[in-house]
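Numbers restart at 1 for each chain; the letters A, B, ... are given by sequence-line order, proteins then strands. Model, not experiment: these values are computed from the prediction.
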Protein chains: 2
Amino acid sequence: MNLRQDVHTAGIPVLCQACEARHRGICGALDSDQLVALAKTSSKQTIASGAELVGDTETVEHYSNVLAGVVKLTKTLSDGRQQIVGLQFAPDFLGRPFKSESAVNAEAATDVSLCSFPKAAIERMMKQSPELEHRLLRQTLKELDEARDWMLTLGRKTASEKVASFLLLIANHIDPTLGEGEEKVTFDLPLTRADIADFLGLTIETVSRQFTKLRAEGIISIENNRHVTVTRRERLEARAGH
Amino acid sequence: MNLRQDVHTAGIPVLCQACEARHRGICGALDSDQLVALAKTSSKQTIASGAELVGDTETVEHYSNVLAGVVKLTKTLSDGRQQIVGLQFAPDFLGRPFKSESAVNAEAATDVSLCSFPKAAIERMMKQSPELEHRLLRQTLKELDEARDWMLTLGRKTASEKVASFLLLIANHIDPTLGEGEEKVTFDLPLTRADIADFLGLTIETVSRQFTKLRAEGIISIENNRHVTVTRRERLEARAGH
DNA sequence: CGGTGCTTTGACGAGTATCAATGGGAGTGG
DNA sequence: CCACTCCCATTGATACTCGTCAAAGCACCG
């Protein structure tokens, strides 16, 4: 993609033209002038799987939109026990407004592509455009709903139910429009077994055993450790404790 | 932090004059005219402990501010397993904007006093006043931070650490200004053992045993099941896995 | 080939749930 | 004032899920 500040298509920056965040993400709140202004200080960057984006208690000067890939938000106890407290997919917004330091670590779970801009630029625009703040509020409420859903899973579900819930979470994210009628879904897991364990509050061994059990029961099949096909969706949903 | 604007008491509804939500809550975003308009449709109500405020999937036509007491937000699985996903103290806002139905149950954990207003009134004002939406965003971000903190507790802490974390959570809420130097704190638990268990993802028996252990070690003392004194704050903090 | 990283599988034990009984305070009625 | 009940909390005995430790399998890569 070229980096010219060339402005076509009703004055929309090249950077933004094919960007998902411009429609479903927070940038949908901005008009073309604002987009141009923001694009001046924005940069698209690619991050390798495993790289740390934001350190715990680190000062954050940049916010980002996730363009592709999956970012995991984690919290860690002093002795190393870790919990994933959120997964961000495109076109989610990444950052914690109104606080200089993040309460969580952010790390690329897969290769990730981001569009980053300085904290100050967004905060300036938020003052101008209530619509931007409105979008942020909606995203935050969505994340809060997801976090609370997951609290139920963490606190009250068994290992078996947790793994089933996780698979459905990913399946729904891959294809949110998936009708009830569709039986089979197939996708690549964006997380390693270790990440899945950290997301579910389990160990990798327990996660592995649950996968094995699901395979043995003919509910899913797995190729290459990552590629999953859900063959009996209903039974997976039943197991998740709908 | 919170800019508290000096408004003359002239023109402020009686209902609001001594209200905590007018300073630290979302009503701080409103000028006296707006307060008057909102107060016309508002009503203060008292709810007995145990009463249900908002049913899961129920349509909500009212939002509220918590004036006193504690409200618990819960989620329940089809077989009855329950998880508390949030606790609301004064002057928290109660409601889920932009969605007609709540994803959680809300129930009075103690006797609760509320200030309720119709959904429509708030949403109308949100369009007029970006500051109101700003306050809502801040409260939502705060709740998100709390939810994620708790996910770490639910997913990765032991029963012992969970109970210690819970006691500190309540202690900090009773007296947020509590300095590091202060050793002793004393307070009434706003929750029954069953509620605490549902908050921590444990059973009441396990919670009870952990309390007993803390008492035996001289870290806390308990009178009448509800009244707790933390005698060795540092050791409680150490146990919570700071 | 022999590493290295990730996953699976197995054997065992610790931590927590479950089931069951007891304790204790508050309210009620004799 | 004392039984009686109800509700909640505590305590005990036992079962079972899941974590821990150890080893082996498998793909990828130099």
Side-chain angles (χ1 to χ4, degrees), chain A residues 48-51 72 77 79-83 107 109-111 153-167 188-217 220-228 239 241, chain B residues 48-50 72 77 79-83 109-111 153-167 188-217 220-228 239 241:
Chain A
S49 167
K72 56 181 184 180
L77 291 171
D79 63 358
R81 281 174 289 171
Q82 197 172 59
Q83 176 68 45
E107 194 179 320
T110 63
D111 289 348
T153 300
L154 288 173
R156 289 304 188 195
K157 289 189 185 173
T158 64
S160 173
E161 292 167 333
K162 283 179 176 179
V163 170
S165 301
F166 169 73
L167 288 173
D188 282 318
L189 291 175
L191 303 182
T192 65
R193 297 292 186 277
D195 284 339
I196 297 171
D198 282 348
F199 191 42
L200 296 172
L202 298 170
T203 60
I204 52 177
E205 293 93 332
T206 300
V207 171
S208 179
R209 281 186 246 271
Q210 294 303 330
F211 275 132
T212 302
K213 202 178 289 179
L214 287 171
R215 236 183 307 130
E217 295 177 35
I220 64 171
S221 66
I222 305 181
E223 296 161 41
N224 291 333
N225 286 341
R226 289 287 192 119
H227 193 74
V228 175
R239 173 157 318 195
Chain B
S49 168
K72 56 181 184 181
L77 292 170
D79 63 359
R81 281 174 290 172
Q82 196 173 59
Q83 177 67 45
T110 63
D111 289 348
T153 301
L154 288 173
R156 290 303 189 196
K157 289 189 186 173
T158 64
S160 174
E161 292 167 332
K162 284 178 177 181
V163 170
S165 301
F166 169 73
L167 287 173
D188 282 318
L189 291 176
L191 304 182
T192 63
R193 296 293 185 276
D195 284 339
I196 297 171
D198 282 347
F199 192 41
L200 296 172
L202 299 170
T203 59
I204 52 178
E205 292 94 333
T206 299
V207 171
S208 179
R209 281 186 245 272
Q210 294 303 330
F211 275 133
T212 302
K213 204 178 289 181
L214 288 171
R215 236 183 305 130
E217 295 176 36
I220 63 172
S221 67
I222 305 182
E223 295 161 43
N224 291 333
N225 287 339
R226 289 288 191 116
H227 193 74
V228 175
R239 174 158 318 196

* Asked: What's the spacing between B:Phe166 CZ and B:Asp195 CG if we round to 0.5 Å?
  -> 8.5 Å

* First and last nucleotide of DNA chain D, 5' to 3', lying under 4.0 Å from heavy atoms of chain A -> D:dC18 to D:dC21

* Asked: Which part of the nucleic acid does B:Thr212 contact within heavy-atom distance under 4.0 Å: base, sugar-phosphate only, or nothing?
  -> sugar-phosphate

* Asked: What distance separates A:Thr192 OG1 from A:Lys72 NZ, expressed to the nearest 0.5 Å?
  -> 6.0 Å

* To do: Give, for atom CG of B:Asp188 and atom OG1 of B:Thr110, the distance between the pair rounded to the nearest 0.5 Å.
  => 11.0 Å

* Asked: Where does the chain A footprint on DNA chain C start and end, counting 5' to 3' with a 4.0 Å heavy-atom cut-off?
  -> C:dT7 to C:dA11

* Asked: Do any of residues 157-167 of chain B sit with a heavy atom less than 4.0 Å from DNA chain C, and if so which?
  -> B:Thr158, B:Ala159

* To do: Please figure out whether A:Asn225 or A:Arg156 has its closest DNA chain C nucleotide nearer the 5' end.
  => A:Asn225

* Under 4.0 angstrom, heavy atoms only, what part of the nucleic acid is A:Arg215 near: base, sugar-phosphate, or nothing? -> sugar-phosphate

* To do: Taking atom types as modelled, find out whether B:Lys213 and B:Ser160 have a side-chain donor-acceptor pair closer than 3.5 angstrom.
  => no

* Closest heavy-atom contact between A:Arg239 and A:Ala164? -> CG-CB, 3.7 Å

* For the pair A:Leu154 and A:Gln83, evaluate side chain to side chain contact (heavy atoms under 4.5 Å, CB included) and give the outcome as yes or no after the intermediate values. => CA-CA 10 Å; A:Leu154 288 173; A:Gln83 176 68 45; 3.8 Å; yes

* Structure fact -> On a heavy-atom basis, the closest approach of B:Ala109 and B:Ser49 is O-OG, 3.3 Å

* Have a look at B:Ile204 and say if it touches a base, only the backbone sugar-phosphate, or nothing, with a 4.0 Å heavy-atom cut-off. => nothing

* Structure fact -> When rounded to the nearest 0.5 Å, the distance separating CD1 of A:Ile196 from CD of A:Gln210 is 12.0 Å

* To do: Pick base, sugar-phosphate or nothing for B:Arg226, based on heavy-atom distances below 4.0 Å to the nucleic acid.
  => nothing

* Asked: Which residue, A:Gly201 or A:Asn224, contacts DNA chain D at a nucleotide closer to its 5' end, judged by nearest heavy atom?
  -> A:Gly201

* When you look at B:Arg81 and A:Thr158, which way does the side chain to side chain contact (heavy atoms under 4.5 Å, CB included) test go after all the steps? -> CA-CA 11 Å; B:Arg81 281 174 290 172; A:Thr158 64; 4.2 Å; yes

* Give, for atom NZ of A:Lys162 and atom OG1 of A:Thr206, the distance between the pair rounded to the nearest 0.5 Å. => 9.5 Å

* Nearest 0.5 Å, what's the CD1-CZ distance between B:Ile222 and B:Phe211? -> 5.5 Å

